[in-house]
Amino acid sequence: MKNKIVSLLQKAFSSCVRKGILPEIELPSPEVEVPNNPEHGDYASNIALILAKPARQNPRKIAEAIKDNINDTENIIETMEIAGPGFFNFRLKDNVWQNALQIISEQGKDYGCSAVGAGKKVQVEFVSANPTGPLHIGHARGAVVGDVVAGLLQKTGYDVDREYYINDAGNQMNNLGKSVLFRYREKLGEKIEFPETCYRGEYIKDIAADIINKKGNKYLTQNEEETIQYFNTIAGESILAEIKDDLRDFGVTFDVYFSEKELYKNDGVTKLLQKLQKEGFIYSDGATLWFKTTAFGDEKDRVVIRKNGEPTYFAADIAYHKNKFERGYDMVIDIWGADHHGYMPRLWAGIQALGHSREALKIVLVQLVNLLRAGEPVAMSTRSGEFVTLREVLDEVGRDAARYNFLMRRSDSHLDFDLEVAKRQSNENPVYYVQYAHARICSILKMARERGISLPGFSAVDRSLLSQPEEKAIIKMLVMYPAMIEGAAKALEPHRVTFYLNELAGIFHSYYNKNKVISEDAALTAARIYLIESVKIVLFNALTILGVSAPDKM
RNA sequence: GCGCCCAUGGCUCAGCUGGAUAGAGCGCCAGACUACGAAUCUGGAUGUCGCAAGUUCGAAUCUUGCUGGGCGCACCA
């Protein structure tokens, strides 16, 4: 719809140029948007204002010229006015809107999909928590944001893979094995002083107990190094399995779990560093190897091989991103906690040294979550093992409410997550407001069926009966849906979907309270059923992208 | 000290990449079920968009400075 207006304007502009009314200048992409003041019509454009400067003419004069040259072959424009300093205000014919509904029921579950991604391969990497403990509330937001970003990209035609990077090669894994060993000994009667670096959560005890159950006390006497290695593996696998379960129940599944260890096979990291050194991106100061990230705008150069000969996390990360691009992705998206923002220039430097453009790697920052219970902060301490796990949140507030709440703000803004509010089934909780709209429609449709009213198809409906302002508002909102999805995908901003849903549910509820869908008037009933079915389709599609259920009844 | 992010009604936040009179929700006040689901709806009040300059036809949005908050500034991950 919007595209048609854009195209009309572009053609009018060209013919102005052809006729010599306007100079031959590049047409900046004209913006056509839905004005927030309905008096300004259905669509508005600032094309004349944008052209005023390069064309060196009065914007209103340009507007007049373009207006005279608009050739509305499809006959969709009702009125076209020039207002204010030179805005175009378009009002479309009612039947244009009414007929636009057809595409919604035709496309059904596919309504809102587009092909702007054109099959390009994209990878979204997110969560990527170390398998040293269960996922907690802090991971949950990143998990949902990543999942929905991926979903949006899929809807817009990208070929998307969701990937989880398992940091299982660093020394935190060693600490994990040690922690289990300490608990193991403790359970078998030893008195243990726990060092700061150890993980103290209950889950460590469970793993230790499990080992005792299955293997007894034989590790008390075995070689400590080997035992720690072994416990690492056991604990890592067990925790990762639990993480996968939690994520699955949260509605998040991955296509690929990529182990950091993979990067070190065949000396992969070392060889890559040697190559980069040959190319001049890495230099040695005798004891350590430095990556020249300042060449790409970083504040200071960064160490890749430590004095002790161990590669840094950054070194592995360069190799990891090289690996990603080698797998043929056109675009790679990392979802990070906002506390890692200082790391961005470093990684961008890394991929540029590998020959990729900075734009090939997009990084979405997700702010940390402020966990509250009834307004009071909930203490979170990872070290002591006191934290609210994702599992607990799922059990307490449920998947739908949890996911929706994490999507109610831009991801780079702080989010208060109140457990009491999130589980309250009231109007403080927008997820129910939206779901209720869907359930309500289902209920009306069910009643219609029970009364023997058939659900009409497009051709069986007199669309012109949908003539009320509220009906037109709903139709416009529904027509806008694909553009909203496209915009959200392009900007990597899932929160736009929740805002859209709240608004759509709002105008529907309002409409419902004012008008009877099912009435004595058969033709009107058919038209309205057709309309609310369209609303249902869009509610369902949008909720599905968010991974939130669209219940038939509540 | 340096860098990044943020500052919008009493509270929590949007504001579609520079557009027309800045919007929601919550809370508050007053109303609506013998009507397809009241988890709903209708009406009402609240703003120097942190402060000050600048850019232009036009700024909450872009630039600079200041104030106030968050986060980073590892040979941790």
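In what follows, every chain begins at residue 1, and chains take the letters A, B, ... in the order their sequences are listed. Note that the structure is a prediction, hence the values are computed from the model and not measured.
- Between A/Phe90 and A/Phe88, the two ring planes are parallel [angle under 30°; tilted spans 30° to 60°].
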Task: Base-pair map of RNA chain B as dot-bracket, where | denotes pairing with a different strand and pairs are Watson-Crick or G-U under 3.5 Å - done: (((((.(..((((.....[...)))).(((((.......))))).....(((((..]....)))))).)))))....
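- Taking A/Lys178 as the reference, nothing meets the salt bridge (charged side-chain N to carboxylate O under 4.0 Å, His left out) condition, with sequence neighbours excluded.
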TODO: Quick one: do A/Phe296 and A/Arg358 satisfy side chain to side chain contact (heavy atoms under 4.5 Å, CB included)? Show the steps, please.
DONE: CA-CA 10 Å; A/Phe296 301 96; A/Arg358 189 191 141 126; over 6 Å; no
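- Rounded to a whole angstrom, the distance from the C1' atom of B/rG10 to that of B/rC57 is 38 Å.
- Taking both residues in full, the closest heavy atoms of A/Asn167 and A/Ser128 are given as OD1-O, 3.8 Å, listed atom of the first, atom of the second, then distance.
- Ion pairing between A/Arg496 and A/Glu493 holds under the 4.0 Å rule for side-chain N and carboxylate O.
- Residue A/Leu153 holds its CG atom at 12.0 Å from NZ of A/Lys155, rounded to the nearest 0.5 Å.
- For B/rC33, the O4'-C1' to base torsion is within 90° of 0; the nucleotide is therefore syn.
- The same atom, P, is picked in B/rG65 and in B/rA74; the two are 24 Å apart, to the nearest Å.
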Open item on the list: Determine whether A/Ser454 and A/Arg449 satisfy the following criterion, side chain to side chain contact (heavy atoms under 4.5 Å, CB included), listing intermediate values before the conclusion.
Closed with: CA-CA 6 Å; A/Ser454 63; A/Arg449 274 193 302 273; over 6 Å; no
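- B/rC33 and B/rA39 are spaced 15 Å apart, taking the P atom of each and rounding to whole Å.
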Under-3.5 Å N/O pairs linking protein and nucleotides 36-38 of chain B:
{"unit_1": "B/rC36", "atom_1": "O2", "unit_2": "A/Val517", "atom_2": "N", "d": "3.4"}
{"unit_1": "B/rC36", "atom_1": "O2", "unit_2": "A/Ile518", "atom_2": "N", "d": "2.9"}
{"unit_1": "B/rC36", "atom_1": "N3", "unit_2": "A/Val517", "atom_2": "N", "d": "2.9"}
{"unit_1": "B/rC36", "atom_1": "N4", "unit_2": "A/Tyr512", "atom_2": "O", "d": "2.8"}
{"unit_1": "B/rC36", "atom_1": "N4", "unit_2": "A/Asn515", "atom_2": "O", "d": "2.4"}
{"unit_1": "B/rG37", "atom_1": "OP1", "unit_2": "A/Ser443", "atom_2": "OG", "d": "2.7"}
{"unit_1": "B/rG37", "atom_1": "OP2", "unit_2": "A/Ser443", "atom_2": "OG", "d": "3.4"}
{"unit_1": "B/rG37", "atom_1": "O2'", "unit_2": "A/Tyr436", "atom_2": "OH", "d": "2.6"}
{"unit_1": "B/rG37", "atom_1": "O2'", "unit_2": "A/Arg440", "atom_2": "NE", "d": "2.9"}
{"unit_1": "B/rG37", "atom_1": "O2'", "unit_2": "A/Arg440", "atom_2": "NH2", "d": "3.4"}
{"unit_1": "B/rG37", "atom_1": "N7", "unit_2": "A/Ser443", "atom_2": "OG", "d": "3.0"}
{"unit_1": "B/rG37", "atom_1": "O6", "unit_2": "A/Met554", "atom_2": "N", "d": "3.3"}
{"unit_1": "B/rA38", "atom_1": "OP2", "unit_2": "A/Arg440", "atom_2": "NH2", "d": "2.7"}
{"unit_1": "B/rA38", "atom_1": "OP2", "unit_2": "A/Tyr512", "atom_2": "OH", "d": "3.4"}

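- Distance from the side chain of A/Glu260 is smallest for B/rA77 among the nucleotides B/rG72, B/rU12, B/rA77.
- Annotation: of the two residues near RNA chain B, A/Tyr432 and A/Asn167, the 5′-most nearest-nucleotide partner is A/Tyr432.
- By the 30° and 60° cut-offs, the orientation of the rings of A/Trp290 relative to A/Tyr283 is parallel.
- When the P atom is used for both B/rG50 and B/rG15, the distance is 15 Å, rounded to whole Å.
- Considering only the side chain of A/His509, B/rC41 comes nearest among B/rC41, B/rA77, B/rA20.
- Rounded to whole Å, the distance from CD on A/Glu33 to C1' on B/rG18 is 10 Å.
- Closest to the A/Ser510 side chain, of the nucleotides B/rU40, B/rU12, B/rU42, is B/rU42.
- For the contact set between residues 404-414 of chain A and RNA chain B, defined by any heavy atom under 4.0 Å, the members are A/Arg409, A/Arg410, A/Ser413, A/His414.
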- [ ] Walk me through it: do A/Lys472 and A/Asp42 pass the test side chain to side chain contact (heavy atoms under 4.5 Å, CB included)?
- [x] CA-CA 10 Å; A/Lys472 189 176 168 187; A/Asp42 297 324; 3.6 Å; yes
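- The heavy-atom pair separating A/Ala422 from A/Ala401 by the smallest distance is O-CB, 3.4 Å.
- In terms of heavy-atom proximity, A/Asn175 sits nearest to A/Cys198 at O-SG, 4.5 Å.
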TODO: Decide ring pair (Phe, Tyr, Trp, His ring centres under 6.0 Å) for A/Phe126 and A/Trp336; before the verdict, give the C-alpha distance in whole Å, the side-chain angles of both, and the deciding distance to 0.1 Å.
DONE: CA-CA 7 Å; A/Phe126 57 111; A/Trp336 291 357; over 10 Å; no
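- B/rA14 and B/rA32 have their P atoms separated by 36 Å, given to the nearest Å.
- Residue-level contact check: A/Asp285 touches neither bases nor backbone, having no heavy atom under 4.0 Å from any strand.
- Ion pairing between A/Lys324 and A/Asp334 holds under the 4.0 Å rule for side-chain N and carboxylate O.
- For A/Asn46 and B/rG19, a side-chain-to-base donor-acceptor distance below 3.5 Å is present, hydrogens and geometry of angles not being considered.
- One atom, CH2 of A/Trp336, and another, P of B/rG72, lie 14 Å apart when rounded to the nearest Å.
- Counting distance only, with no hydrogens placed and no angle test, the side-chain atoms of A/Asn175 and the base atoms of B/rA77 include no donor-acceptor pair under 3.5 Å.
- For A/His40, whose side chain is taken as the heavy atoms from C-beta onward, the closest listed nucleotide among B/rG19, B/rA77, B/rA20 is B/rA20.
- In this structure, A/Tyr43 atom OH and B/rA20 atom C1' are separated by 18 Å, rounded to whole Å.
- Residue contacts for A/Phe499: at a heavy-atom cut-off of 4.0 Å it reaches the sugar-phosphate backbone alone, with no base atom in range.
- Within residues 474-497 of chain A, the residues approaching RNA chain B are A/His495, A/Arg496, by heavy-atom distance under 4.0 Å.
- With hydrogens and angles left out, the side chain of A/His341 and the base of B/rC5 share no donor-acceptor pair within 3.5 Å.
- B/rG25 and B/rG18 have their C1' atoms separated by 28 Å, given to the nearest Å.
- Glycosidic torsion of B/rU17 falls within 90° of 0, placing the base in syn.
- Taking atom P on both nucleotides, B/rA45 is separated from B/rC51 by 24 Å, rounded to a whole Å.
- Of the C1' atoms belonging to B/rA22 and B/rA77, the separation is 43 Å, rounded to the nearest Å.
- Applying the salt bridge (Lys or Arg N to Asp or Glu O under 4.0 Å) test to pairs two or more places apart or on separate chains, those with a residue in residues 512-522 of chain A are A/Glu470-A/Lys514.
- Atom OH of A/Tyr500 and atom P of B/rA24 are 17 Å apart (whole Å).
- Closest-nucleotide positions on RNA chain B for A/Asn308 and A/Leu368 were compared, and the one nearer the 5' end corresponds to A/Leu368.
- Nearest heavy atom pair, residue A/Thr288 against residue A/Lys307, reads CG2-N, 3.4 Å.
- Ionic pairing of A/Asp418 and A/Arg373 is not present here: no N-O contact between side-chain nitrogen and carboxylate oxygen is shorter than 4.0 angstrom.
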